[in-house]
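Working notes, structure below.
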Amino acid sequence: MIKLTRPAKPAFLTDEREAELLEKFQEDGSAVWKNAQITESLLQASQNKCAYCECGLQEVDSYMEVEHFKHKDKYEDEVVHWENLLPSCKRCNTKKGTHDVVEEPIVDPFLMVPADHLRLDMAYLRHKDNVGDATIEVLDLNSIDRLVLPRFMITTQMEKNLNSIRSALDLYLDNMTVRRRNKLIGTFKDTLKECQPDTKFSATAATFVHRNEQYIALCTAVQAEGLWDEELEQLHRASESIRLD
């Protein structure tokens with residue numbers, strides 16, 4: 001889970017329109033939140049990922065659902081309140097069910113920094129406080145097949161990527177040709193691009209990389225050779241900003 005920035009409310013969702021949609025929901029239970037302007041804005045905000053588990057949305061087995069942070073049955077006045085809507089996969093939406101986030105808070109990634117409440121232990125999320133504990137349990141964020149195994153596969157791939165950077169660096173230091181320089185920097189950037197906010201399970205990838213002693217050593221070596229450019233710095237900072245402890 002990473003921190004998200006909520007976009008401006010869709011222009012069509014005026015106070016008057018919100019009142020009309022609420023009345024419609026109260027009359028017949030219609031899914032009034034299923035509007036393209038709502039779903040598109042939410043998908044853009046999460047970069048096509050579930051706001052909770054970071055799986056990809058709008059794929060074969062993971063289509064987006066509009067999730068009501070405060071459950072619509074108990075807090076029906078907020079059924080189309082913009083600040084109450086999140087993009088979620090069906091699994092997280094179903095797991096959360098009717099959980100009352102007012103009585104027992106969980107992380108709202110639009111309002112809270114997940115890293116303040118969650119940490120990563122190997123491929124498992126662990127809690128730092130009661131909010132983190134409730135978040136993990138309510139959303140089942142340590143489901144083995146659905147989440148832990150994908151996180152493990154990502155960390156395995158990141159380890160391979162770092163080894164590839166190390167090999168490219170050794171070759172460059174042995175013979176400082178343009179081709180070897182470009183190979184080194186390209187491999188480095190490609191690895192960091194897999195740790196950006198728009199990639200699936202980006203918190204896992206970023207956390208693994210920034211904790212890794214080999215990564216730290218590689219950064220130092222590339223900087224010492226004068227090869228650390230602005231794009232590398234931007235990718236490094238962006239990935240570091242979403243890491244968990």
Side-chain angles (χ1 to χ4, degrees), residues 1-5 46-47 49 51-56 107 109 112-129 131-132 135-136 141-142 144 147-245:
M1 191 184 296
I2 64 173
K3 178 69 175 69
L4 299 175
T5 300
S46 69
Q47 303 189 76
K49 296 189 295 181
Y52 295 127
C53 74
E54 283 201 275
C55 76
V107 174
M112 307 161 78
V113 178
D116 290 343
H117 307 278
L118 302 167
R119 62 185 180 85
L120 193 66
D121 179 11
M122 299 296 286
Y124 289 85
L125 286 178
R126 306 299 187 194
H127 66 275
K128 291 183 173 181
D129 55 17
V131 172
T135 302
I136 293 169
L141 292 180
N142 282 328
I144 299 296
L147 298 173
V148 173
L149 287 179
R151 292 184 198 131
F152 176 76
M153 295 301 295
I154 286 169
T155 59
T156 300
Q157 184 60 53
M158 289 297 102
E159 181 69 27
K160 291 179 180 178
N161 289 358
L162 293 177
N163 289 336
S164 295
I165 297 172
R166 178 77 257 178
S167 296
L169 175 61
D170 290 342
L171 287 172
Y172 173 73
L173 293 176
D174 182 62
N175 186 5
M176 295 182 180
T177 67
V178 170
R179 290 181 63 182
R180 290 187 176 186
R181 179 200 65 193
N182 291 347
K183 177 67 173 179
L184 167 61
I185 300 306
T187 304
F188 210 133
K189 289 179 180 179
D190 286 346
T191 296
L192 284 177
K193 286 175 182 177
E194 295 183 42
C195 307
Q196 300 302 298
D198 62 340
T199 59
K200 301 176 189 176
F201 305 107
S202 58
T204 298
T207 301
F208 177 83
V209 164
H210 283 274
R211 277 183 184 170
N212 192 284
E213 291 183 0
Q214 180 171 215
Y215 175 75
I216 296 170
L218 288 168
C219 289
T220 300
V222 170
Q223 291 167 1
E225 294 301 321
L227 302 177
W228 192 265
D229 61 21
E230 183 177 347
E231 184 181 4
L232 269 174
E233 180 65 18
Q234 291 175 347
L235 291 169
H236 172 84
R237 288 182 178 276
S239 58
E240 188 174 36
S241 72
I242 60 173
R243 63 169 290 185
L244 303 174
D245 290 339

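None of these values were measured; they are calculated from a predicted model. One-based numbering along the sequence shown.
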Original post:
Take atom CE in Met153; do more than 12 heavy atoms of anything else shown fall under 6.0 Å from it?
Top reply: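 No - once you tally the heavy atoms of other residues, nucleotides and ligands closer than 6.0 Å, there are 12 at most.
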Nearest atoms (heavy-atom pairs only) where [X] meets [Y]:
X: Ala168; Y: Leu184; answer: CB-CA, 3.8 Å
X: Leu244; Y: Pro114; answer: CD2-C, 4.3 Å
X: Tyr52; Y: Val107; answer: CE2-O, 4.0 Å
X: Val131; Y: His117; answer: CB-ND1, 3.8 Å
X: Ser239; Y: Ala206; answer: O-CB, 3.3 Å
X: Ile242; Y: Gln196; answer: CD1-C, 4.0 Å

So does [Y] get a backbone contact from the side chain of [X], meaning a donor-acceptor N/O pair under 3.5 Å?
X: Lys128; Y: Ala115; value: yes
X: Lys49; Y: Pro197; value: yes
X: Thr155; Y: Phe208; value: no

Please report the interatomic distance [atom1]([X]) to [atom2]([Y]), rounded to the nearest 0.5 Å.
X: Lys183; Y: Ile165; atom1: NZ; atom2: CD1; value: 11.0 Å
X: Asn161; Y: Thr187; atom1: CG; atom2: OG1; value: 8.5 Å
X: Asp121; Y: Leu118; atom1: CG; atom2: CG; value: 12.5 Å
X: Asp245; Y: His210; atom1: CG; atom2: NE2; value: 13.0 Å
X: Thr204; Y: Leu147; atom1: OG1; atom2: CG; value: 9.0 Å
X: Leu192; Y: Glu240; atom1: CG; atom2: CD; value: 10.5 Å

**OP:** List the steps, then state whether side-chain contact (heavy atoms from CB on, under 4.5 Å) holds for Glu159 with Gln214.
**Re:** CA-CA 9 Å; Glu159 181 69 27; Gln214 180 171 215; 4.1 Å; yes
**OP:** Would you please name every residue forming a salt bridge (Lys or Arg N to Asp or Glu O under 4.0 Å) with Asp170, sequence neighbours left out?
**Re:** Arg166
**OP:** Only counting residues at least two apart or in another chain, list the ones meeting salt bridge (Lys or Arg N to Asp or Glu O under 4.0 Å) with Arg119.
**Re:** none
**OP:** State which residue, out of Glu54, Arg243, Glu194, fulfils the side chain to side chain donor-acceptor pair (under 3.5 Å) condition with Ser202.
**Re:**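 It is Glu54, the one option of Glu54, Arg243, Glu194 that forms the side chain to side chain donor-acceptor pair (under 3.5 Å) with Ser202.
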Looking at side-chain heavy atoms only, is the closest gap between [X] and [Y] below 4.5 Å?
X: Leu171; Y: Arg179; result: no
X: Ile2; Y: Pro109; result: no
X: Tyr124; Y: Phe152; result: no
X: Cys55; Y: Lys200; result: no
X: Met158; Y: Cys195; result: yes
X: Lys193; Y: Leu235; result: yes

**OP:** Decide side-chain contact (heavy atoms from CB on, under 4.5 Å) for Leu125 and Met1; before the verdict, give the C-alpha distance in whole Å, the side-chain angles of both, and the deciding distance to 0.1 Å.
**Re:** CA-CA 10 Å; Leu125 286 178; Met1 191 184 296; 5.8 Å; no
List the atom pairs, with distances to 0.1 Å, where a side-chain N or O of residues 222-231 and a protein N or O form a donor-acceptor pair under 3.5 Å, not counting sequence neighbours.
from   : atom 1 : to     : atom 2 : distance (Å)
Trp228 : NE1    : Glu233 : OE1    : 2.7
Asp229 : OD1    : Glu231 : N      : 3.3
Asp229 : OD1    : Leu232 : N      : 2.9
Asp229 : OD2    : Lys189 : NZ     : 2.8
Glu230 : OE2    : Gln234 : NE2    : 3.3
Glu231 : OE1    : Lys189 : NZ     : 2.9

